[in-house]
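As structure tokens, the structure follows; a few thoughts come after it.
This structure is a prediction, so every number in the text was calculated from the model and none was measured. Residue numbers begin at 1 in each chain, while the letters A, B, ... track the order of the sequences.
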Amino acid sequence: MKRIVHKHPRPTRWMHWFNVPLLFGMIWSGLLIYWANDVYAIRLGTWTLFPFFPSWFYRALSIDHRLAEGMAWHFALMWLFVLNGIAYVLYTFVSGEWRHLLPNRNSFREACMVVLHDLGLSKVEPPPRKFNGAQQFAYTSVILMGGGSALTGLAIYKPVQFAWLTQAFGGYEWARLLHFALTIGYVLFFVVHISQVIKTGWNNFRAMVTGYEVVASEKPTHE
Amino acid sequence: MSKRLELSNLTDEQVAAEMSRLTRRSFAIGFAAALAGGAGVTWLATRSNKDGLPWPLRKVLEFNEQVAETIYSPSRLAPEFPHERMAEPRVNGTVGLHESPSIDNEVIKVTGHVDRAIPMEAIRKLPAREMTTEFKCVEGWSQIVRWKGVPLADFLEKFGAASKYVGLSTPSESNHGGGNSERYFVGFDRASAVHPQTLLCYEMNGQPLTAAHGAPLRLISTVKYGYKCIKRVGIIEVTDRRPDDYWALRGYDWYAGL
């Protein structure tokens with residue numbers, strides 16, 4: 001027999017979905033800024049494996065010569081991005097949702113099992129909890145990355161007023177590189193996140209939209 | 001929909017029906033929210049321009065400026081670096097550099113609340129400050145450079161007057177011609193103008209300034225991006241009216257504070 005089970009609280013869902021266009025806007029405006037000094041690349045010795053970014057990429061997305069516009073959007077959206085992030089962290093702690101999200105001492109082993117399973121190297125099914133170990137690591141990391149983006153961003157936005165922070169990141173140039181690397185991190189997170197959501201299927205995705213999922217068992221799978 | 005639903009015994013058909021209802025409702029709300037967001041962004045992006053930006057974005061920059069002025073402290077200094085790390089910065093701007101300077105006979109005009117002409121000679125006689133700091137371009141690159149010059153604070157105390165703002169400009173009064181014959185000008189809030197690391201420089205990396213780097217006198221401020229660090233200063237205006245700024249008229253932030 002099937003039953004309807006509450007999975008994701010409303011504030012979590014709203015903040016999650018609000019963050020989607022926000023993060024997109026931050027990355028987009030960030031690209032407009034980055035273009036003006038696009039010095040990063042993955043290099044092996046003197047050989048450039050992949051430049052950030054090839055000229056076709058800028059052309060295809062019309063990113064060039066829009067620095068001022070990029071900065072204006074970036075420094076407007078940053079407020080919403082940071083406020084949404086703070087609200088999420090506060091809510092997650094106050095509501096107790098953190099208990100599902102923070103990795104515990106079993107999470108690492110479980111995360112490895114999940115990764116092996118998803119790569120087709122293990123037949124052990126991920127545990128049917130709300131969030132398995134791999135998810136706990138992924139979702140906790142991405143929040144820490146958000147904090148990292150805010151702090152490295154502040155370090156390059158006000159490197160004199162927050163000189164101590166800029167120094168803590170190894171100086172202005174390192175802070176800029178870290179700020180960029182974190183953004184690449186979001187893109188990688190996004191690719192894995194979307195593939196996993198597609199793979200896990202409609203019921204799971206729908207739970208992030210409606211808050212409810214349908215389960216087969218008599219007993220609720222959590223809470 | 002409440003959690004009570006979870007406890008009630010529903011048939012599989014009822015579960016399916018209830019989930020479709022919830023799904024329709026949530027997607028409708030989501031769709032409406034996305035539309036509202038899209039409309040908001042479109043509205044914002046299509047507002048009339050104020051100095052190269054849709055005015056709401058310009059307003060946000062002005063709000064950010066107020067926040068920055070609130071947290072600003074003149075005692076916070078940019079870190080200094082060992083001299084060995086200094087290097088020649090890129091020549092990034094040539095606007096206003098068309099008049100070749102007559103290095104030693106140059107006269108800096110002080111206007112606004114006062115009307116004076118200060119010979120370079122008098123500026124060189126003021127106590128100089130040297131600093132090896134990181135020059136930061138708004139484009140995202142930075143370069144450690146050694147500077148020598150007179151703190152603008154000292155210059156203003158001796159030759160200027162109290163004012164809310166300080167405007168600096170290349171010598172030419174004319175705005176015509178375009179390209180290199182254009183005038184370059186920047187505006188400073190008073191607090192940033194009198195920051196101890198805001199200098200009127202005549203030496204770079206131990207050598208007299210070259211024309212390309214703004215001889216005979218250029219501004220360097222560690223609390224501003226490079227586009228505020230005007231080369232070839234000819235006029236310094238002490239004023240209570242917020243001075244225009246070359247790049248702030250072209251979509252960039254007026255404050256540009258670091």
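- Looking at W35(A), neither its backbone nor its side chain comes within 4.5 Å of chain B, counting heavy atoms on both sides.
- Counting only N and O atoms by type, the side chains of S73(B) and Q161(A) include no donor and acceptor under 3.5 Å apart.
- Between chain A and the residues G52(B), G257(B), C137(B), G30(B), the most heavy-atom pairs under 4.5 angstrom are made by G257(B).
- Taking both residues in full, the closest heavy atoms of L77(B) and A163(A) are given as O-CB, 4.3 Å, listed atom of the first, atom of the second, then distance.
- The two residues Q167(A) and P79(B) come nearest to each other via the heavy atoms OE1-CG, 3.7 Å.
- Contact annotation: the side chain of E173(A) approaches that of E134(B) to within less than 4.5 Å [non-hydrogen atoms, C-beta and beyond].
- Within the 4.5 angstrom heavy-atom criterion, no atom of P21(A) approaches chain B.
- Contacts of W79(A) with chain B are made by side-chain atoms alone, with heavy-atom separations under 4.5 Å and no backbone atom involved.
- L61(B) touches chain A through its side chain: at least one heavy atom from C-beta onward sits under 4.5 Å away, while N, CA, C and O do not.
- Aromatic ring pairs are classed by plane angle as parallel below 30°, tilted from 30° to 60° and perpendicular above 60°; the pair F205(A) and F27(B) is tilted.
- Among V41(B), T11(B), V138(B), I29(B), the residue with the largest count of heavy-atom pairs under 4.5 Å with chain A is V138(B).
- Within the 4.5 Å cutoff, side-chain heavy atoms of E18(B) are placed close to those of I4(A).
- Counting only heavy atoms from C-beta outward, the side chains of V15(B) and Y212(A) never approach each other to under 4.5 Å.
- Applying the 6.0 Å contact sphere to CD of E157(B) captures no more than 12 heavy atoms from other residues, nucleotides or ligands.
- Distance alone, capped at 3.5 Å, places no donor-acceptor pair between the D12(B) side chain and the M1(A) backbone.
- Remark: Y186(A) OH is packed, more than 12 non-hydrogen atoms of other residues, nucleotides or ligands lying under 6.0 Å away.
- The shortest non-hydrogen separation linking E139(B) to L67(A) is CA-CD2, 4.0 Å.
- Rounding to the nearest 0.5 Å gives a distance of 6.0 Å between OG of S26(B) and CZ of R13(A).
- Contact of the V60(B) side chain with the W73(A) side chain is not registered, since no non-hydrogen atoms from C-beta on lie closer than 4.5 Å.
- Residues I156(A) and Y225(B) approach most closely at O-OH, 4.1 Å, considering heavy atoms.
- The backbone N or O of A68(B) lies less than 3.5 Å from no partner atom in the side chain of K158(A), so there is not a single donor-acceptor pair.
- Within a 6.0 Å sphere centred on CZ of R250(B), other residues, nucleotides and ligands contribute more than 12 heavy atoms.
- The number of heavy-atom neighbours closer than 6.0 Å to CH2 of W28(A), taken from other residues, nucleotides and ligands shown, is above 12.
- Using a 4.5 Å cut-off between heavy atoms, A76(A) touches chain B through backbone and side chain atoms alike.
- For the pair T210(A) and M19(B), the tightest heavy-atom approach, listed with the atom from each and the gap, is OG1-CE, 4.0 Å.
- For F50(A), the CZ atom counts as densely surrounded, since its 6.0 Å shell holds more than 12 non-hydrogen atoms of other residues, nucleotides or ligands.
- For A33(B), the part lying near chain A is the side chain, with the backbone staying farther off; criterion is any non-hydrogen pair under 4.5 Å.
- The choice from L57(B), I71(B), V223(B) that makes the most heavy-atom pairs within less than 4.5 Å of chain A is L57(B).
- Within the 4.5 angstrom heavy-atom criterion, no atom of R66(A) approaches chain B.
- Considering only heavy atoms from C-beta on, Y72(B) stays 4.5 Å or farther from V160(A) through its side chain.
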